[in-house]
There are 2 protein chains.
Amino acid sequence: MLNTANLEASHSRPQLMHRVPGRETASRQAVVQQIADMLALLRDELAPLRRLVHAGDVIYHAGDPFRNLYVVNSGFFKLVNLIADGREQVVGLKFRGDWLGFEGIAEGCHACDAIAMDTGEVWTIRYESLIAAAAKQPALLTVLHQAMSRQLSGERESLTAVCTLTADARVADFLRHWAEAQAERGLRSDQIALRMSRAEIGNYLGITLESVSRALSRLAREQVISFVEKGRRDVHIPNVAALAEFVQRSLVPPSATLQ
Amino acid sequence: MLNTANLEASHSRPQLMHRVPGRETASRQAVVQQIADMLALLRDELAPLRRLVHAGDVIYHAGDPFRNLYVVNSGFFKLVNLIADGREQVVGLKFRGDWLGFEGIAEGCHACDAIAMDTGEVWTIRYESLIAAAAKQPALLTVLHQAMSRQLSGERESLTAVCTLTADARVADFLRHWAEAQAERGLRSDQIALRMSRAEIGNYLGITLESVSRALSRLAREQVISFVEKGRRDVHIPNVAALAEFVQRSLVPPSATLQ
DNA sequence: CGTTCGATTGAGGAAGATCAATTAATGTGG
DNA sequence: CCACATTAATTGATCTTCCTCAATCGAACG
């Protein structure tokens, strides 16, 4: 099993956010709107270059000089960290409304590859122009900082997941996140087209492709997911909450079920 | 062993940055200066509230409304992510020049605890004031964005380490990072006072406290580190490069040593 | 000086990596 | 459109790593 994060037993605290189903839907609509508003703002204030991309297209490479940030309008993208010694790691997946390229600001060159995983559209935003425009339109700064902040939180959640969840739970959590991401963007969350190989998913989650495959098979066997038609790329998720339950179940080392 | 990040064998590329020892020292001095300049800028432009803290002091809690950012002047701090279901995860360690609180910007409240691990000083910076002051002094915006960017990169490196390194290598890499962090801040890098329990280190690295202990014992046995005096809290690092070598060695699954 | 907490070390077991074989999907040229 | 070649996914068997449990040791503190 995993290390169960027992820093201090006394440190535990009641749950932070107690989500009410109704509110969830409400806030989700708000998020959809928020993304649309942000994109409208960027379009109006900066008239960014719009670029159509296809699976495999490179937005930028590690080592490229930093000049632009990019915002996803449609499609989805992976960020791949490259370490000098040959290790490579998918460190993020980005959807509509997400920004690409923040890592480049500090060092003046990009630290990872950004690659399209599907047909889509990215907007190119010159960093200098953005800062200049923000002087007159402070809302630009707000959306920029929110996006950076959100990305930081997301990265930390990933780290927490990798450190505290079993392989099965990670896969379940991954699917849950993906479904949530789609819902927050106004897309259907009951069905997702992964368009990633098992190897890529495994790399992202820090497990092998075989473990991903086994986890998916187990989830299907337990009716938490099912595969759409022939081919096991598209996943049907009848009930997102069931995925969260599965994660919880994998978390508790049997027993403690009653009591 | 771990999953060895073989997304595509053909994808491998020659090492990105080829560090020359001389330049390393030069750029390190530059980093020291950079941090000092940033702190001077913040002091001059914002006259931040300076707060002395001791081990255990809380800078902010998860759930607290977001209003301020904090900059570490001295000491060091941990960031602890709290998940509703009881999992908790050390997601970052912050030293002089690092900022705390970025995660709060997006949602309007902090998403983790920030806790002092030693005596030190943090500067409180009201986010609103910072943005206002940045209108007249653009350098403030630059340092803010660089700090956020750097933090994002760091988070991704952590994720990569957790996903690709063995338990022993993670501990070695952790020590190496710490030593580097001290060097970049003008402190001695041949000796580090952890002031973290094995449990905390393990939590941060996604392994158990026993694995941390065993890894440290192994590193000591192989002369890569040694313990200072009685007590195994302070670690002596005769040669930082040896730590990097140890990480590399753990990376390659035997064989391939020659050829 | 005993108590307590943290660290170390050992033994056993479980999760997951590795190796290998099979099957399914995809692509290619005839 | 089909036979073949190629690549991705699944599943099983084995082995390694690391987690779990437990005992011991050391340091710190009242």
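The six-membered or imidazole ring of A:Y70 lies near that of A:Y60, with a centre-to-centre distance under 6.0 Å.
The interatomic distance linking B:L209 (CG) with D:dT20 (P) rounds to 10 Å, in whole Å. For B:E210 and C:dT8, the CD to P distance is 11 Å, given to the nearest whole Å.
Listed by residue number, the members of residues 211-220 of chain A with any heavy atom below 4.0 angstrom from DNA chain D are A:S213, A:R214, A:S217.
Judged as a side chain to side chain donor-acceptor pair (under 3.5 Å), and not counting sequence neighbours, B:R51 has no contacts. A:Q191 pairs by the side chain to side chain contact (heavy atoms under 4.5 Å, CB included) definition with A:R188, A:V228, A:H236, not counting sequence neighbours. Residues satisfying the side chain to side chain donor-acceptor pair (under 3.5 Å) test with B:D57, not counting sequence neighbours, are none.
For the helix from C:dC1-D:dG30 to C:dG30-D:dC1, the terminal axes (five pairs an end, C1' atoms, rotation from four pairs onto the next four) enclose an angle of 40°, given to 10 degrees.
For the atom pair CG of A:L175 and CD1 of A:I201, the computed distance is 7.5 Å after rounding to the nearest 0.5 Å. With rounding to the nearest 0.5 angstrom, the CZ atom of A:F77 is 10.5 Å from the CE atom of A:M117.
The 12-atom threshold is exceeded at CZ of A:R50, counting heavy atoms of other residues, nucleotides or ligands nearer than 6.0 Å. Counted within 6.0 Å of CD on B:E222, heavy atoms from surrounding residues, nucleotides or ligands total more than 12; the atom is thus considered enclosed.
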Step by step, work out the side chain to side chain contact (heavy atoms under 4.5 Å, CB included) result for B:L165 and A:R87. CA-CA 10 Å; B:L165 299 181; A:R87 284 179 288 158; 3.3 Å; yes

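Put simply, the side chain of B:M196 reaches to within 4.5 Å of the side chain of B:L93, judged on heavy atoms.
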Can you tabulate the close N/O pairs, meaning under 3.5 Å, that link protein atoms to atoms of nucleotides 27-30 of chain D?
none

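Checked against C:dA17, D:dA9, D:dC19, the side chain of B:T208 finds its nearest nucleotide in D:dC19.
Distances shown here put a side-chain N or O of B:R233 below 4.0 Å from the OP1 or OP2 atom of C:dA7.
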